[in-house]
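We use all heavy atoms of the structure for the numbers below, so side chains are in, but hydrogens, waters and symmetry mates are not.
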Amino acid sequence: MDFIREYYFDFSLMGDNFGAVLDGFFVTLKLSVISGVLSLTWGLVLSVLRQLPGRATAPIRWLAIGYIDVFRGIPLLLVLFLVSGFLSAAQAEDVIPRSIGIPEWFGQESWFWYGVISLTLTYGAYMAEVYRAGIEAVPGGQTEAARSLGMSHGQAMRFIIVPQAVRKVIPPLLNDFIALMKDTSLVSVIGALEVVQAGFDIQSAEFNGSGLVLGALFFLAVTIPLARVIDWLIARDQAKTQRGKPTEGAPPEPAGPAPTGMAGA
């Protein structure tokens, strides 16, 4: 037990390296927020394309389905290598501009944007399936009512179906965001000095895992509150769908009319 305490819970070592691990966690947060927003947007686009009606749009539907199946089936680590390798090689061969092949937008290094692109491509596919489940959970009568009012398919999706679907799938989308945040640690393989890599560097230099435990505590400080928010949202939705359960403090419902005939005699 003494060895475990000294190896994983050396608080003096944590204090000495707190700044380095915190800087790595800020990188993790930036990757998570930017990739999360882009994944949410890209996933919604994919889910809407997958729901396009008619024979003329069948090729678009099949492309969307194929994209979702492919990127849900390929490990994120492999996507990171494919994206970073392709972009850097393509700009070296003058196939694409250097500003795209080695992106350094907004003062961030190229590995940061390789990570954002890879996370967006992968988690956009996962989130597209979550959105699809929400869209298909909206009663079909909603679409029929919108079309009867003269709305096009696009208008019905924009104003009627998608807003309802998004409200239904907020908890699973937050679950995917938590998973995305944890997977940002994989970006370290292409040069990111995020929180896990910062902790690993401390472990390599000091032969002590306290830096990794400190990084884990930073993750928990974000993921546990998010998990409680998800629980609250699920409980709220379940409360809305309950039937026949009286609200606490509400007055009793008035009795119905007395029965008539032989049963009421």
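Rounding to the nearest 0.5 Å places CG of D183 at 10.0 Å from CG of L77. The distance from the CG atom of L78 to the OG atom of S118 is 10.0 Å, given to the nearest 0.5 Å. Here CG of L119 is found 11.0 Å from CD1 of I34. Values are rounded to the nearest 0.5 Å. Taking OG of S152 as the start and CZ of R158 as the end, the distance is 10.0 Å to the nearest 0.5 Å.
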Which pairs of donor and acceptor atoms, one on a side chain in residues 90-98, lie under 3.5 Å apart (sequence neighbours left out)?
from	atom 1	to	atom 2	distance (Å)
Q91	NE2	S88	O	3.1

List the atom pairs, with distances to 0.1 Å, where a side-chain N or O of residues 220-229 and a protein N or O form a donor-acceptor pair under 3.5 Å, not counting sequence neighbours.
from	atom 1	to	atom 2	distance (Å)
T223	OG1	F219	O	3.0
R228	NE	D231	OD2	3.1
R228	NH2	D231	OD2	2.6

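In the hydrophobic clustering of this structure, L186 does not group with V195; members are Ile, Leu, Val, Met, Phe, Trp, Tyr whose side-chain heavy atoms approach within less than 4.5 Å, directly or through other members. In this structure, F106 is a member of the same hydrophobic cluster as V27, with clusters built from ILVMFWY side-chain heavy atoms closer than 4.5 Å. Hydrophobic clustering, with ILVMFWY side chains joined whenever heavy atoms are under 4.5 angstrom apart, groups V70 together with V79. When hydrophobic clusters are built by joining Ile, Leu, Val, Met, Phe, Trp and Tyr residues whose side-chain heavy atoms come closer than 4.5 Å, directly or via intermediates, L38 is not grouped with L29. By the criterion of side-chain heavy atoms lying less than 4.5 angstrom apart, applied directly or through intervening Ile, Leu, Val, Met, Phe, Trp or Tyr residues, V33 is not grouped with I230; the two fall into different hydrophobic clusters.
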Exercise for review: Check the pair Q108 / K30 against side-chain contact (heavy atoms from CB on, under 4.5 Å), numbers first and verdict last.
Suggested key: CA-CA 10 Å; Q108 301 294 330; K30 285 192 291 185; 3.3 Å; yes

Decide side chain to side chain donor-acceptor pair (under 3.5 Å) for R147 and T143; before the verdict, give the C-alpha distance in whole Å, the side-chain angles of both, and the deciding distance to 0.1 Å. CA-CA 6 Å; R147 298 304 296 270; T143 303; over 6 Å; no

Quiz item: Can Y126 and L180 be said to form a side-chain contact (heavy atoms from CB on, under 4.5 Å), step by step?
Solution: CA-CA 10 Å; Y126 285 104; L180 182 152; over 6 Å; no

message = Y8 vs N208, test: side chain to side chain donor-acceptor pair (under 3.5 Å). Steps then yes/no.
response = CA-CA 7 Å; Y8 287 116; N208 189 292; over 6 Å; no

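Under the 30°/60° scheme for interplanar angles, the aromatic rings of F9 and F11 are found to be tilted.
Residues A20 and A198 come closest through the heavy atom pair O-CB, 3.9 Å. Between D10 and S210, the closest heavy-atom pair is N-OG, 2.9 Å. Between V213 and M14, the shortest heavy-atom distance links the atoms CG1-CE, 3.8 Å. Of all the heavy atoms in L212 and G199, the pair that sits closest is CD2-C, 3.5 Å. Considering all non-hydrogen atoms of both residues, E194 and V196 come closest at OE1-N, 2.9 Å.
Panel note: side chain S47, backbone A128; no donor-acceptor pair is recorded below 3.5 Å. S148 places a side-chain N or O within donor-acceptor distance of the main-chain N or O of A145, the cut-off being under 3.5 Å. T57 places no side-chain N or O within donor-acceptor distance of the main-chain N or O of I60, the cut-off being under 3.5 Å. A donor-acceptor pair under 3.5 Å is formed between the side chain of W105 and the backbone N or O of S99. For R61 (side chain) and L49 (main-chain N/O), no donor-acceptor pair under 3.5 Å exists by modelled atom type.
Scanning for salt bridge (Lys or Arg N to Asp or Glu O under 4.0 Å) contacts around D23 gives an empty result, with sequence neighbours left out. Looking at residues two or more places apart in sequence or on another chain, you find no side-chain hydrogen bond (donor to acceptor under 3.5 Å, both in side chains) involving D176. Scanning for salt bridge (Lys or Arg N to Asp or Glu O under 4.0 Å) contacts around E136 gives R132, with sequence neighbours left out. Qualifying side-chain hydrogen bond (donor to acceptor under 3.5 Å, both in side chains) partners for D69, counting only residues two or more places apart in sequence or in other chains: none. Not counting sequence neighbours, R55 has no partner by the salt bridge (Lys or Arg N to Asp or Glu O under 4.0 Å) test. Under the ring-ring contact (aromatic ring centres under 6.0 Å, His included) criterion, W111 pairs with no residue at all, not counting sequence neighbours.
Taking the six-membered ring for Trp and the full ring otherwise, F18 and F218 have centroids separated by under 6.0 Å.
A donor-acceptor pair shorter than 3.5 Å cannot be found between the side chains of Y114 and E109.
Pairs passing the ring pair (Phe, Tyr, Trp, His ring centres under 6.0 Å) check and including a residue from residues 29-57, sequence neighbours excluded, read W42-Y67. Applying the salt bridge (Lys or Arg N to Asp or Glu O under 4.0 Å) rule to pairs touching residues 71-92 yields R72-E129, sequence neighbours excluded. Contacts classified as ring pair (Phe, Tyr, Trp, His ring centres under 6.0 Å) and involving residues 163-214 (residues at least two apart or in different chains) are not found.
The closest side-chain heavy-atom distance from L174 to L233 is below 4.5 Å. With a 4.5 Å cut-off on side-chain heavy atoms, N17 and L214 do not count as touching. Side-chain contact between V21 and F25: absent, with no pair of heavy atoms (C-beta onward) separated by less than 4.5 Å. For the pair T184/S35, no side-chain contact is recorded, criterion being any heavy-atom separation below 4.5 Å from C-beta on. Proximity of V187 to I190: side-chain heavy atoms (C-beta onward) are separated by under 4.5 Å at one or more points. With contacts defined as side-chain heavy-atom distances shorter than 4.5 Å, the pair I102/W113 does not qualify.
By the 6.0 Å contact criterion, CD on Q142 is enclosed, its count of non-hydrogen atoms from other residues, nucleotides or ligands being greater than 12.
In the hydrophobic clustering, where aliphatic and aromatic side chains (Ile, Leu, Val, Met, Phe, Trp, Tyr) are joined below 4.5 Å either directly or transitively, V48 groups with L40, L44, M127, V130, Y131, I135, V138, M151, M157, F159, I160, I161, V162, V166, V169, L173.
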